Participant: 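Let me give you the structure first, and then I'll get to my questions.
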Amino acid sequence: MLRKIALAIIVLAITAAAVPAQASRNDDLTGAAAPTIRQALAQVGLTMEGCTFDLSDRDFYGGDRYRLRFFDTLIADPWKIPAYTPIIREGAFAAAKEGSLSKLVQAAQTRLNGAVRLGLTGDVMEPYTTKLADTAVGNHLVASIKALYAAEGKTMDASEATYFAERAAVLPKEVSDAAALYFYALPDVLAYHDAAFDPVRTKLQMAQLDDPARELLKWMTEEEDTLQGSAAIKRDVQLSSLSEYLMDNVDWGYLNTGATLLALVTEKVHNMLKAAQPVADYEFTFDTPWGMVALNGNAANSYGGSLPYLLIIDSGGDDAYQGGGVSYGFGNPASVLIDMSGNDAYTCETPKEPCFGAGVFGYGMLIDCAGDDTYSAQDFAMGCGVFGTGVLLDEGGIDHYSAISNCEGAGVFGTGVLADASGNDTYDCYALSQGYGYTMGAGLLVDLAGDDKYTANDTDIRYPSAQSKDHNSSLAQGCGFGRRGDYSTGHSWAGGVGMLFDAAGNDAYSCAIFGQGCGYWYGTGILADAAGNDSYHGHWYVQASAAHFALGVLDDAAGDDHYFADMNMAIGAGHDFSLGFLVDRAGKDVYEAPNLSLGGGNANGIGIFWDMRGDDAYKVAPGTNLGRANIGSRGGLRDLFLNLGLFIDTGGNDTYPPELAFAANNKMWTQRGTDETNPLPLVELGVGVDAEVALP
C-alpha cells in the first residue's frame, strides 16, 4: 500500500470557495497584531474573518464522511491556530511530565472526536485498590488471576493452579501486589474491548481471511503489489471494504474506554513499582490464554518474540526484548511491559510485525523508566495503534528509535503515542511515522528535553515520491494523511491527525517530501517546537504546507532557527483548498525558501506565514512567495474562489533579497497573481507586511 500511497500523492486541481467566517477569539499575540494584519488585508479588500474557505462549497467538491471535527474547527478560522496550538502542545507536555499514559492517550483521542475522560467524576482505580487492600486475601496475585479466569470463562487445571500458587508465593510482595492490581482490573478492560468489537465479529469471521489483522497490516505496508490485474483489484476491494466496515461499525467509545482504563491501570502499577523499596532478585513466568506473564528482577533478561505477552515487569538489568508491550488480534487483546531500569535493547527485525507499544485490534503499552535504550523495529511499533491504542513512554536516558513505517507515534484507524521525557534522542524512520495520523487515526510524538534529531530517511529511496523520484514520500514529523479516491476507486478516506511536540533543546528535523507540519486530503499535521535553536530541512510540501483540502501547521516558539526547502510548497503554503500556516514566535531566523513559500497560495489554497519577532533573513528567488497567490487555470469555477498568500513579519531588522525590492523593513505590499495577462484581482490575493508591533 505504500506504493499506492506514493502514487496517490499526485497534485491534481480541485475547485474551492471562500466566504467570511465568524470572528475568532484571538490570543494576546494575535490581538496585538490584529490592527497591522487588518490594515494589510484591507489593501486587497479582505478581512481577517475572510481568510478562510467556504466549507459548503468545499464539501460539494470533495466532502468525506471520515472528516474530523478538529480539522473543521481550524480550517474554518485560521486565526484560531496560533491561539490553540500552544495550548494543545502544553497539554501534551504536562501529560508526559506527569508520566500519565491516560492523559497522553486523551491528548491524542480528543482530536478524534472520541476521548474518554475516565476519572473526571471519581477514582476509577478505587474498585481495584479496594480489592488489593483486603487483608483477608492470602495472596492477591493468585486471587486476581483466579478472578480473571472466572470472568473470562476459563479454568485452570489442578497442576497449573498448584504451580502458579507455589511460584507466586516467593515473589517480592511489592511486585506481586503491582501485578495483582493489573489482573484485578483486566476483566473490565477486556469487557470494553469485547463490547467494541462485538458488532464486527461476524463480519470478520465471514471475511474468508486466515488472519484479518495480519492481512490488513500486510496490505497497508506493501511496497509492490504481489498480485496483478483483476486479482489485485479484488484483494484491494476486499480489504478496503473491510476497513470501511470496521471504521463504521467498531464501537469507538467502548474501544477508547478500554484503552483509557488500561492506561490508568498501567500508570498506577508503574507508580507502585517506583515507590517500592529495592527488591530481591526474582523470576516468575506463567502462560495464560491471553499471553505469557513474566516477572523478573535485576538480572539481564531476554524476552523472545515468538510468544505473546500479557504482562512483563522487569526491575533492572540490561535486558533484551524481542516481544512485549504489544497486542495483536483477539487472542492477545492487551499487553503491558514495564521496565524499571537498565540500558535495554528492544529489537524486532520481522517486517509488518507490530511490537513495543503497539495496539492492533487491542491495547499495547510500554513504560521504560530509566537507562539509555535502543528501539529498533520495522513496522507498527513504538506507539502505534491500528483499530486499537499503542503507547510507549520512555522516562529517562539517551535513547535511539529506528523504524521503517507506521512507528514513533502513528495512529492508523486508532491511536499511537510515543513520549520521551529526557535525553538527546534520535528518531529515525522512512515514512508514516514521528507523529503521523491516517484515517480515523491520531499519532502523537512528545519529547520533553534534549537536543533531539528527527530524520525521515531520504538517502535510501525506498518509497519514491510522485513529486520527485529522487526523494521519498516521508509523511512524517507531524503529518495528517488520507486516502484520495476521486480519481481511482471513488472511495476516499479523510486523513487523521499527526502531531509532533518538542519542549526543549536545539533540535534537527529532516525529511524529504510531505512532512514537518503537513496535511493531505483532509488530514491535519502539526509540528510545534517550544524552545531551542532548531533546524528544519525538507524539499516539497514541508514546514507548514498542505495539499488537497488539508491543513499543515508549524509553530516554533523560540530560538534562532533555520528553515530550508528547495523544491516547492513550503514554509507556510497551501495548495488546492488547503491551508498552510507557519508561526515563528521569536529569534533570529533564516529562511531558505523555494517557489510557493513564505505565504504562498496555489490553486485556491491559503498560505500564511508569520514571523513575530527577531532579526530575520529571507533568502528566496522571485516566485509565488512573500505573500502571493496563483490560481493557475482560467475559465472554471475556481476563478470565483479565494486564493490567498499572506506574509507577516511583526518585528526585527530583517533582510530581503535585493532583487525583490517590493519587500523591505517597515513596508506593506501587495502582489498580483502570476498570470498577469488574465488577472483575477478579486480572488487572487497576495499581501505582505513588515512592521514593528509591540507584542506581549
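Predicted, not measured: the structure shown is a model, and the values here were computed from it.
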Participant: Any donor-acceptor pair under 3.5 Å linking the side chain of Asp379 with the backbone of Ala381?
Facilitator: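 Side chain of Asp379 to backbone of Ala381: no pair is present.
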Participant: Are Tyr463 and Ile404 close enough that some pair of their side-chain heavy atoms sits under 4.5 Å apart?
Facilitator: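 They are in contact (side-chain heavy atoms under 4.5 Å apart), so the answer is yes.
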Participant: Between the side chain of Asp425 and the main-chain N/O of Asp399, is any donor-acceptor distance below 3.5 Å?
Facilitator: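 Side chain of Asp425 to backbone of Asp399: a pair is present.
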Participant: Check for a donor-acceptor pair, side chain of Asp77 on one end and backbone N or O of Trp79 on the other, with a separation under 3.5 Å.
Facilitator: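 Yes, because the side chain of Asp77 sits within donor-acceptor range (under 3.5 Å) of the backbone of Trp79.
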Participant: If I take atom CG from residue Leu393 and atom CE from residue Met365, how far apart are they, to the nearest 0.5 angstrom?
Facilitator: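 Atom-to-atom, Leu393:CG and Met365:CE are 11.5 Å apart.
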Participant: One pair to check against side chain to side chain contact (heavy atoms under 4.5 Å, CB included): His562 and Glu592. What are the steps and the verdict?
Facilitator: CA-CA 8 Å; His562 185 185; Glu592 295 187 63; 2.7 Å; yes
Participant: Considering non-hydrogen atoms only, spot the tightest contact between Ser510 and Gln477 and give its length.
Facilitator: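 Closest heavy-atom pair between Ser510 and Gln477: O-NE2, 2.9 Å.
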Participant: Identify the heavy atoms of Ala593 and Val620 that sit nearest to each other, and give their distance.
Facilitator: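 Looking at all heavy atoms of both residues, the closest pair is O-CG2, 3.7 Å.
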Participant: Within 45° of the six-membered ring axis of Phe70 and under 6.0 Å from that ring's centre, is NZ or CZ of Arg111 located there?
Facilitator: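 Yes, Arg111 and Phe70 form such a contact.
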Participant: Is there side-chain contact between Asn602 and Asp576, with at least one heavy-atom pair below 4.5 Å?
Facilitator: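 A side-chain contact is absent here, since even the closest heavy-atom pair is not under 4.5 Å.
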Participant: With heavy-atom distances below 4.5 Å as the criterion, would you say the side chains of Cys369 and Glu395 are in contact?
Facilitator: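 Yes - at least one pair of side-chain heavy atoms lies under 4.5 Å apart.
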Participant: Within this structure, what is the CG-CG distance for the pair Asn630 and Leu596, rounded to the nearest 0.5 Å?
Facilitator: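 Reported to 0.5 Å precision, the distance equals 7.0 Å.
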Participant: Can you label the angle between the Tyr618 ring and the Phe647 ring as parallel, tilted or perpendicular, going by 30° and 60°?
Facilitator: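 Perpendicular.
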Participant: Atom OG of Ser473 and atom CG of Leu432: how far apart are they, to the nearest 0.5 Å?
Facilitator: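 Answer rounded to 0.5 Å: 9.0 Å.
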Participant: Are side-chain heavy atoms of Cys511 and Gln434 found at a separation under 4.5 Å?
Facilitator: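 Answer no - side chains too far apart.
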Participant: What pair of heavy atoms forms the shortest contact from Ile513 to His471, and how long is it?
Facilitator: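 That would be CD1-CB, 3.8 Å.
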Participant: Keeping Asp584 on the side-chain end and Asp611 on the backbone end, is there a donor-acceptor pair under 3.5 Å?
Facilitator: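 Not a single qualifying donor-acceptor pair exists.
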Participant: Is the shortest heavy-atom distance from the side chain of Phe501 to the side chain of Leu444 under 4.5 Å?
Facilitator: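 Contact flag for Phe501/Leu444 side chains = yes.
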Participant: Can you name the one residue among Asp373, Asp344, Asp339 that meets side-chain hydrogen bond (donor to acceptor under 3.5 Å, both in side chains) with Tyr321?
Facilitator: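 Going through Asp373, Asp344, Asp339 one by one, the side-chain hydrogen bond (donor to acceptor under 3.5 Å, both in side chains) with Tyr321 is satisfied by Asp339 alone.
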Participant: Quick one, Leu448 and Ser422 - any side-chain contact, counting heavy atoms below 4.5 Å?
Facilitator: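 Heavy-atom side-chain distance check fails, nothing below 4.5 Å.
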Participant: Quiz question: by atom type and distance under 3.5 Å, do the side chains of His400 and Thr374 form a donor-acceptor pair?
Facilitator: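 Result is no, nothing qualifies.
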Participant: Give a yes or no on whether the backbone of Asp452 and the side-chain of Asp507 come within a donor-acceptor separation of less than 3.5 Å.
Facilitator: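 The answer is yes, because a donor-acceptor pair under 3.5 Å joins these two groups.
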Participant: Does either side chain, that of Gln109 or that of Thr415, offer a donor lying less than 3.5 Å from an acceptor on the other one?
Facilitator: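 Distance-only check passes for Gln109 and Thr415.
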Participant: Could you pull out the closest heavy-atom pair between Asn472 and Asp458, with the gap in Å?
Facilitator: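 Looking at all heavy atoms of both residues, the closest pair is N-OD1, 3.0 Å.
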Participant: Between Leu29 and Arg613, is there a side-chain heavy-atom distance shorter than 4.5 Å?
Facilitator: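 Result yes, sub-4.5 Å side-chain heavy-atom pair found.
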Participant: Apply side chain to side chain contact (heavy atoms under 4.5 Å, CB included) to Asp555 and Arg585, showing your working.
Facilitator: CA-CA 8 Å; Asp555 189 311; Arg585 297 174 184 263; 2.8 Å; yes
Participant: For Val542, does its backbone N or O pair with a side-chain atom of Ser545 as donor and acceptor, under 3.5 Å?
Facilitator: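 Between the backbone of Val542 and the side chain of Ser545 there is a qualifying donor-acceptor contact (under 3.5 Å).
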Participant: Using only atom types and a distance under 3.5 Å, with no angle test, would you say the side chain of Ser578 pairs donor to acceptor with the backbone of Gly574?
Facilitator: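 No; judged by distance alone, with no hydrogens or angles, the pair does not exist.
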Participant: Heavy atoms only: give me the nearest Phe380-Val386 pair and the separation to one decimal.
Facilitator: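 Scanning both residues, the minimum pair turns out to be CD2-CG2, 3.9 Å.
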Participant: Any donor-acceptor pair under 3.5 Å linking the side-chain atoms of Gln378 with those of Thr221?
Facilitator: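 The criterion, which ignores hydrogens and geometry beyond distance, is not satisfied for Gln378 and Thr221.
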Participant: Are the side chains of Tyr522 and Ile75 in contact, using a 4.5 Å heavy-atom criterion?
Facilitator: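 The answer is no, as the side chains (C-beta and beyond) never meet within the 4.5 Å cut-off.
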Participant: How long is the gap from CD1 on Ile81 to CD1 on Ile526, to the nearest 0.5 Å?
Facilitator: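 It is 7.5 Å, given to the nearest 0.5 Å.
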Participant: Angle between ring planes, Tyr563 versus Tyr536, binned at 30° and 60°: parallel, tilted or perpendicular?
Facilitator: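 Parallel.
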Participant: Return yes if some donor-acceptor pair links the side-chain N/O of Asp561 with the main-chain N/O of Asp534 below 3.5 Å, else return no.
Facilitator: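 Checking the backbone N and O of Asp534 against the side chain of Asp561, a donor-acceptor pair under 3.5 Å is found.
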Participant: Using a 3.5 Å distance criterion without hydrogens, assess whether the side chain of Asn424 forms a donor-acceptor pair with backbone atoms of Asp451.
Facilitator: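 Judged by distance alone, yes, a pair lies under 3.5 Å.
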Participant: On the 0 to 90° scale, with breaks at 30° and 60°, tag the His548-Tyr520 ring pair as parallel, tilted or perpendicular.
Facilitator: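 Ring orientation, 0 to 90° scale: perpendicular.
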Participant: So, taking the atom named CG in Asp589 and the one named CD1 in Ile571, what distance separates them when rounded to the nearest 0.5 Å?
Facilitator: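 Between atom CG of Asp589 and atom CD1 of Ile571 there are 11.0 Å.
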Participant: Are Phe481 and Phe514 close enough that their ring centres sit under 6.0 Å apart?
Facilitator: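 Not close enough - the centres of the two rings lie 6.0 Å or further apart.
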Participant: Just how far is it from atom NE2 of His270 to atom CD1 of Ile338, taken to the nearest 0.5 Å?
Facilitator: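 The NE2 atom of His270 sits 7.0 Å away from the CD1 atom of Ile338.
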Participant: Would you call the rings of His537 and Phe564 parallel, tilted or perpendicular, where under 30° means parallel and over 60° means perpendicular?
Facilitator: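 Ring orientation, 0 to 90° scale: parallel.
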Participant: Do Asp28 side-chain atoms and Thr30 backbone N/O form a donor-acceptor pair below 3.5 Å?
Facilitator: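 Absent.
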Participant: Assess, by modelled atom type and distance only, whether the side chains of Asn457 and Asp428 contain a donor and an acceptor separated by less than 3.5 Å.
Facilitator: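 On atom types as modelled, these side chains do not qualify, holding no pair under 3.5 Å.
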Participant: Aromatic rings Tyr454 and Tyr427: how do their planes relate, parallel, tilted or perpendicular, breaks at 30° and 60°?
Facilitator: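 Rings of Tyr454 and Tyr427: parallel, under 30°.
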Participant: Step by step, would you call Ile461 with Asp470 a side chain to side chain contact (heavy atoms under 4.5 Å, CB included)?
Facilitator: CA-CA 7 Å; Ile461 308 305; Asp470 295 329; over 6 Å; no
Participant: Going by the angle between their ring planes, with limits at 30° and 60°, are Tyr541 and His575 parallel, tilted or perpendicular?
Facilitator: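 Plane angle between 30° and 60°, so tilted.
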Participant: Using the ring of each side chain (for Trp, its six-membered ring), is Tyr375 parallel, tilted or perpendicular to Tyr346, with breaks at 30° and 60°?
Facilitator: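 Plane angle under 30°, so parallel.
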Participant: Between Asn406 and Tyr438, is there a side-chain donor-acceptor contact under 3.5 Å, judged purely by atom types and distance?
Facilitator: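 Not at all, the side chains of Tyr438 and Asn406 share no donor-acceptor pair under 3.5 Å.
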Participant: Please give me the minimum heavy-atom distance between Ala92 and Leu104, naming the atom from each residue.
Facilitator: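 Ala92 and Leu104 have their closest heavy atoms at O-CD2, 4.0 Å.
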